[in-house]
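Computation of the quantities below employed the complete heavy-atom set of this structure, encompassing side-chain atoms and omitting hydrogens, waters and symmetry-equivalent molecules. The first residue of the sequence shown is numbered 1, and numbering continues consecutively from there.
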Amino acid sequence: MTTALSIARDVNAGERSASSVLAASLAIVAARNEELNVFLHVDYEGATAMAAAVDERVAQGLNAGPLAGVPIAIKDNMCQTGIPTTCSSRILDGWRPPYNATVIDRLIAAGAVPVGKTNLDEFAMGSSTETSAFGPTRNPLDPTRVPGGSSGGSAAAVAAGMTPLSLGSDTGGSIRQPAALCGVVGMKPTYGLVSRYGLIAFASSLDQIGPFAATVTDSALLLEVIAGHDPRDTTSLPEPSPVLVAHVNDGVAGKRIGLVRELVEGADEDVVNAVNSAAEALRAAGATIVELSIPELRLGLSAYYLIAPAEASSNLARYDGVRFGLRVNGDDVTAMMEATRTAGFGAEVKRRIMLGTYALSAGYFDAYYGQALKVRTLMIDAFRRAYDHVDLLLGATTPSVAFAFGAKSHDPMAMYLSDVFTIPTNLAGEAAISVPFATGEAGLPIGVQILGPGRSEAQLFAAARVLEIADGRP
Ligand code: GLN
């Protein structure tokens with residue numbers, strides 16, 4: 001599969017048709033989806049019509065947009081009119097959204113061709129796609145291992161070459177962690193940069209949509225298309241989409257980059273080695289590397305597992321058998337709701353609802369939820385102090401390469417620890433990118449994470465591009 005950038009260029013130049021690009025993409029889906037379980041739904045009819053519409057524009061001599069004819073996979077927690085949207089949960093059985101998420105509208109306006117909906121951990125709660133009600137996704141690089149999660153299907157779609165681009169959502173690491181495990185580029189943008197309108201809420205103060213791509217430039221291209229103010233999301237930043245692609249090759253000369261002890265602590269040796277070589281590569285490209293410690297980052301996981309479940313317990317209250325999807329009948333309304341929620345939610349979602357409800361309950365609110373919010377403020381202050389001294393931070397994305405199915409699924413704590421390096425960025429509302437750099441155990445990819453303050457996306461892409469080149473992908 002060629003890059004999105006070259007597909008859009010060729011399609012706009014009339015050198016390739018969007019329909020032929022789509023056919024090539026669907027051929028790979030047909031060859032591998034049964035084995036990998038990447039797509040829960042493929043929209044053959046809609047995608048074919050959208051590709052034809054792009055070809056029609058080109059035939060009329062019009063520019064078909066920056067993503068003309070580029071097939072894209074969509075995580076199945078984003079709404080697309082008339083397309084089954086499940087969040088990988090039985091509770092949404094049969095539900096079809098009556099509207100498009102803003103990101104879908106923007107993709108279509110840019111000429112992209114959404115091909116279908118990808119598998120995820122149920123309601124995006126997990127780090128392996130093993131909590132999906134529709135079975136796990138397999139890692140295309142080693143089908144005995146997980147692709148990461150929760151956006152495992154979207155990461156795998158790009159890694160398997162099914163689509164050059166995909167969208168994921170990142171609440172605590174769900175773009176960056178699967179990107180790392182599948183060997184692709186994953187970016188969690190600044191909170192508010194990409195509209196959440198039409199993204200099914202997990203933890204609203206943390207959720208953010210972002211891009212997956214095989215290259216840094218494609219990742220920047222996709223973010224440019226989906227970012228920018230949206231009046232339908234009250235938390236949307238009041239500014240237009242940033243200029244990103246034009247800065248991808250800006251490099252890191254003169255930048256100060258902090259190598260953070262807490263962002264490699266406890267990681268496997270191959271991962272630590274990769275981060276150290278990444279630091280060397282950035283230094284060789286003209287950056288100054290400063291070793292530093294931000295002890296507050298160690299508190300991230302515990303604060304997250306109070307705040308995220310608290311918000312989830314409230315957001316998921318709407319699935320009551322009345323308005324959406326599944327209904328299991330009972331003798332009265334209460335019995336119906338109980339039966340519906342018992343049958344519709346999987347074990348991890350129930351665990352989060354119980355945790356969150358407990359954390360918010362009278363008598364415990366201050367001790368748990370209130371305390372977690374204070375920790376969140378400490379985290380924000382700690383990052384701010386770090387960014388007084390350095391431009392960007394560097395660490396690992398995840399403690400290990402892709403793990404085997406079942407390795408952590410019976411131990412929630414072990415699974416939660418997969419996101420120990422990614423969660424602080426979400427709590428602070430800032431931006432971070434995972435870029436493949438070097439390989440580890442069994443030749444599997446390692447993701448190196450670069451973090452920056454809010455709105456630092458252009459700098460993050462430029463730094464990631466330096467690592468991409470140093471890793472031999474010009
Ligand atoms: N793995 C984390 C969790 O289970 C993060 C998930 C996400 O970012 N959606 O909550």
Interatomic spacing from [atom1] in [X] to [atom2] in [Y] - rounded to 0.5 Å:
X      : Y      : atom1 : atom2 : answer
Asn139 : Leu36  : CG    : CG    : 8.5 Å
Leu181 : Leu444 : CG    : CG    : 8.5 Å
Ile294 : Leu299 : CD1   : CG    : 12.0 Å
Leu460 : Ile450 : CG    : CD1   : 6.5 Å

For this session: Quick one: sort the Tyr197 and Tyr99 rings into parallel, tilted or perpendicular, breaks at 30° and 60°.
Result: tilted
For this session: Evaluate the ring planes of Phe202 and Tyr304, with Trp represented by its six-membered ring, and classify them as parallel (under 30°), tilted (30 to 60°) or perpendicular (over 60°).
Result: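 Judged by the thresholds at 30° and 60°, the geometry between Phe202 and Tyr304 is perpendicular.
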Please give me the minimum heavy-atom distance between [X] and [Y], naming the atom from each residue.
X      : Y      : value
Leu223 : Ser241 : O-OG, 4.1 Å
Ile446 : Ala274 : CG2-CB, 3.7 Å
Val115 : Ser25  : CG1-OG, 4.4 Å
Tyr416 : Leu301 : O-CD1, 3.4 Å
Asp55  : Ser19  : OD2-OG, 2.6 Å
Pro66  : Val225 : CG-CG2, 3.9 Å

Testing the 3.5 Å rule here: is there a donor-acceptor pair between the side chains of [X] and [Y]?
X      : Y      : answer
Glu457 : Thr190 : yes
Thr81  : Asn100 : yes
Asn37  : Thr137 : no
Asn77  : Thr85  : no
Asn119 : Thr129 : no
Tyr191 : Arg196 : yes
Arg465 : Ser219 : no
Glu311 : Ser205 : yes
Ser127 : Asp419 : yes
Thr118 : Lys75  : no

Just by modelled atom types, is the [Y] backbone N or O under 3.5 Å from a matching donor or acceptor in the [X] side chain?
X      : Y      : value
Ser174 : Thr171 : no
Asp170 : Gln208 : no
Ser456 : Pro453 : yes
Asp218 : Ala4   : yes
Asp391 : Arg256 : yes
Arg57  : Asn63  : yes
Asp207 : Ala203 : yes
Ser166 : Ser154 : yes
Ser150 : Gly126 : no
Thr425 : Glu430 : no

Taking only Lys NZ, Arg NE, NH1 and NH2, and the carboxylate oxygens of Asp or Glu, determine whether [X] and [Y] approach each other closer than 4.0 Å.
X      : Y      : answer
Arg352 : Glu348 : yes
Arg232 : Asp105 : yes
Asp76  : Lys117 : yes
Asp388 : Arg385 : no
Glu265 : Arg298 : yes
Glu239 : Arg455 : yes

For this session: For side-chain contact (heavy atoms from CB on, under 4.5 Å), just list the numbers for Thr377 and Asp381, CA-CA rounded to whole Å, side-chain angles, deciding distance to a tenth of an Å, and then say yes or no.
Result: CA-CA 6 Å; Thr377 303; Asp381 289 347; 4.1 Å; yes
Exercise. What do the steps show when you test Arg16 against Thr2 for side-chain hydrogen bond (donor to acceptor under 3.5 Å, both in side chains), and what is the final call?
Worked result: CA-CA 12 Å; Arg16 286 172 85 177; Thr2 37; 3.1 Å; yes
Exercise. Would His389 and Val290 satisfy side-chain contact (heavy atoms from CB on, under 4.5 Å), going step by step from the backbone distance to the final call?
Worked result: CA-CA 9 Å; His389 303 287; Val290 189; over 6 Å; no
For this session: Please lay out, stage by stage, how Phe134 and Phe39 fare under the test ring pair (Phe, Tyr, Trp, His ring centres under 6.0 Å).
Result: CA-CA 10 Å; Phe134 307 111; Phe39 283 94; over 10 Å; no
Problem set entry | Listed partners of Ser434 passing side chain to side chain contact (heavy atoms under 4.5 Å, CB included), at least two apart | Arg176, Ala180, Thr397
Within the structure provided, determine whether [X] and [Y] are in side-chain contact (heavy-atom separation under 4.5 Å).
X      : Y      : result
Tyr387 : Leu451 : yes
Lys255 : Thr288 : no
Thr439 : Val401 : no
Leu378 : Lys374 : no
Leu292 : Val390 : yes

Donor-acceptor pairs are to be reported for all side-chain atoms of residues 41-52 against protein atoms at under 3.5 Å, with residues two or more places apart or in another chain.
residue: Asp43; atom: OD1; partner: Gly46; partner atom: N; Å: 3.1
residue: Thr48; atom: OG1; partner: Tyr44; partner atom: O; Å: 2.6

Qualifying residue for side-chain contact (heavy atoms from CB on, under 4.5 Å) with [X], from [options]:
X      : options                : value
Leu167 : Val194, Leu199, Leu107 : Leu107
Phe212 : Leu222, Val158, Thr163 : Val158
Asp121 : Ser128, Ser89, Ser132  : Ser128

Problem set entry | Working for side-chain contact (heavy atoms from CB on, under 4.5 Å), residues Val466 and Leu282 | CA-CA 7 Å; Val466 167; Leu282 292 165; 3.9 Å; yes
For this session: Dump the intermediate steps for side-chain contact (heavy atoms from CB on, under 4.5 Å) on Trp95 and Thr86, then the final yes or no.
Result: CA-CA 7 Å; Trp95 184 65; Thr86 66; over 6 Å; no
Exercise. Taking only residues two or more places apart in sequence, or in another chain, which ones meet Arg96 in a salt bridge (charged side-chain N to carboxylate O under 4.0 Å, His left out)?
Worked result: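 Listed in chain order: nothing, the list is empty.
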